[in-house]
Amino acid sequence: MTGTDARQDITARGVHRGAPDEPAVWSRDFALFFVARAAARLGDTMLPVALAAGLLEHGYGAGAVGLAMASTAAAFAGLVVLGGVVADRFSTRRLMIGADLVRLGTQSLAAGLFFAGHVVLWQICAIGFVNGVAGAVFQPGVASTVPRLAADVQGANGAVRIAESAAQLAGPAVAGVLVGLASPGGVFAGHAATYAISALCLLLLRLPPLPAGARAATGRGMRAFRGDLVQGWREFRSRTWLWGVIAVWCVYMIAVWGPTVPLVATEIVQQHGPRAYGLVNSALGAGTVVGGLLALRLRPRRMLRAGAVSLFAFFGFPAAVGAGLGVPAMAAGAAVAGAGMSFWGVMWATSVQTQVPSDVLNRIHAYDVAGSLAMMPVGQALAGPAAGALGAGHVLLAAAVVSLAVAAALLAIPPIRDLVRTDAPTPRSRKP
């Protein structure tokens with residue numbers, strides 16, 4: 001789709017860019033959403049430390065950690081498309097609050113199991129699966145909430161990214177301290193509390209109505225439900241840049257991110273302890289803060305091209321851990337990787353939210369998330385066996401090389417490389 005065609009498509013379908021008198025980014029409601037995302041992210045970045053330290057403490061290995069993470073990812077990736085259809089039919093705010101309350105309960109249960117010392121792998125995986133289902137209901141509403149709360153969509157995405165990154169900076173370090181001073185159960189209890197904060201903020205939030213011209217999903221029964229799925233798929237398939245990124249990202253998830261998360265956690269915890277892992281993950285969070293700040297300042301005309309270039313920076317993270325370098329080198333690699341991933345994330349989210357019509361945005365975002373994450377549980381589940389056969393270091397070095405190939409592939413596809421932004425950059429002089 002050319003830049004002109006995209007603008008005509010957006011104008012015809014009524015994508016919301018904010019009313020003229022709407023604050024560019026900051027308002028009471030966006031601030032509540034900002035806090036909700038930061039709180040949830042704080043808990044999510046504490047979780048890998050708790051899982052790695054807790055399962056290793058109870059005699060499990062890298063494969064068990066990968067399986068526990070994969071149980072959540074598999075449920076999420078498998079059901080998020082259905083969650084997108086539901087989000088286009090019901091109040092996204094209520095769905096998100098309900099999902100947070102479910103995860104408040106599951107993480108409280110996990111905390112009780114670890115406090116009691118009764119840790120069975122299948123139970124932890126079952127809890128993770130329920131969390132994944134709740135996440136599949138929650139996530140589609142995030143994409144449509146941002147453009148309804150702020151006129152400057154890229155600025156809002158950058159601010160949310162900074163909030164999540166700051167939480168990622170603090171979360172692993174806090175988790176490492178809690179594991180050292182208390183137990184993994186304390187981390188799970190803290191994780192449950194973050195979902196309570198998120199639910200409260202969303203409860204207080206007043207979400208503006210959909211823009212004029214947006215069409216909500218209608219009809220009842222399975223036929224209407226299937227019709228909504230088909231319509232979302234057609235909209236998804238009609239955008240080459242969208243499904244092209246997802247296709248490349250499947251490779252990234254199975255060969256790079258999937259094995260990197262559990263293997264980095266277990267390698268650092270086993271060799272340097274949970275506090276070192278917290279430090280490295282905090283460096284990753286610091287890098288993502290920098291990437292978010294860059295995304296607030298830079299307004300590239302071709303956002304996906306700029307984002308793909310930034311992905312080359314991820315190479316240093318798995319390479320440093322795979323090569324067995326010291327904690328400072330691993331932290332430096334994580335920081336640079338975080339900056340690149342964060343900048344890409346803002347460019348990608350803004351592209352989806354501004355190029356896709358608002359009446360199908362939840363479904364398109366669900367297809368986006370499902371496609372992006374479909375291979376992650378495969379990569380996580382295979383991480384342990386691959387590390388056993390080849391060695392964790394070799395698997396991480398291979399992941400580093402594949403990360404470079406993925407960035408190059410994104411730049412090699414013309415519809416991705418040449419996609420022109422459709423939202424008008426907000427003047428810097430405009431006050432919230």
Side-chain angles (χ1 to χ4, degrees), residues 42-73 110-111 113-115 117 119 121 124-125 128 168-191 256-286 316-335 337-338 379-388 390-397 399-400:
L42 177 67
D44 290 343
T45 55
M46 293 164 62
L47 185 59
V49 181
L51 280 174
L55 290 176
L56 290 173
E57 179 182 293
H58 285 81
Y60 295 100
V65 176
L67 190 60
M69 292 181 179
S71 63
T72 300
L113 293 176
F114 276 96
F115 277 132
V119 178
L121 182 59
I124 301 302
C125 290
Q168 184 168 332
L169 177 63
V174 172
V177 171
L178 287 175
V179 169
L181 297 180
S183 72
V187 185
F188 282 98
H191 192 194
V256 181
W257 190 251
T260 293
V261 173
L263 291 183
V264 163
T266 53
E267 284 293 288
I268 297 178
V269 169
Q270 288 177 337
Q271 296 178 16
H272 304 282
R275 293 188 182 183
Y277 177 64
L279 175 63
V280 171
N281 231 4
S282 294
L284 183 68
F317 185 29
V321 180
L325 302 182
V327 173
M330 291 188 289
Q380 290 177 328
L382 293 177
L390 304 174
H394 288 97
V395 175
L396 288 170
L397 290 174

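Just so you know, residue 1 is the first one in the sequence shown, and it goes up from there. Side-chain atoms are counted along with the backbone in the values below, which use heavy atoms only and exclude waters and symmetry mates.
Counting all heavy atoms, side chain and backbone alike, G186 lies closest to F115 at N-CZ, 3.4 Å. The minimum heavy-atom distance between H191 and M46, with the atom names listed, is N-CE, 4.5 Å. Residues V327 and A276 share a closest heavy-atom pair of CG2-CB, 4.2 Å. Nearest heavy atom pair, residue G185 against residue A111, reads O-CB, 3.5 Å. Of all heavy-atom pairs between A320 and A329, the closest is CB-O, 3.9 Å.
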Just distance, no hydrogens or angles: give the donor-acceptor pairs under 3.5 Å from side chains in residues 64-72, sequence neighbours left out.
residue : atom : partner : partner atom : Å
S71     : OG   : A68     : O            : 2.6
S71     : OG   : C125    : O            : 3.2
T72     : OG1  : G128    : O            : 2.8

For a quick test of your reading: what N or O donor-acceptor pairs under 3.5 Å do the side chains of residues 258-266 make, sequence neighbours left out?
residue : atom : partner : partner atom : Å
T260    : OG1  : V256    : O            : 2.6
T266    : OG1  : P262    : O            : 3.0
T266    : OG1  : L263    : O            : 3.2

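Applying the ring-ring contact (aromatic ring centres under 6.0 Å, His included) test to F188 and every residue at least two apart in sequence or in another chain returns F114.
Here E267 contributes atom CD and M330 contributes atom CE; the two are 9.0 Å apart, rounded to the nearest 0.5 Å.
Here the side chains of I124 and L51 are in contact, with some heavy-atom distance below 4.5 Å.
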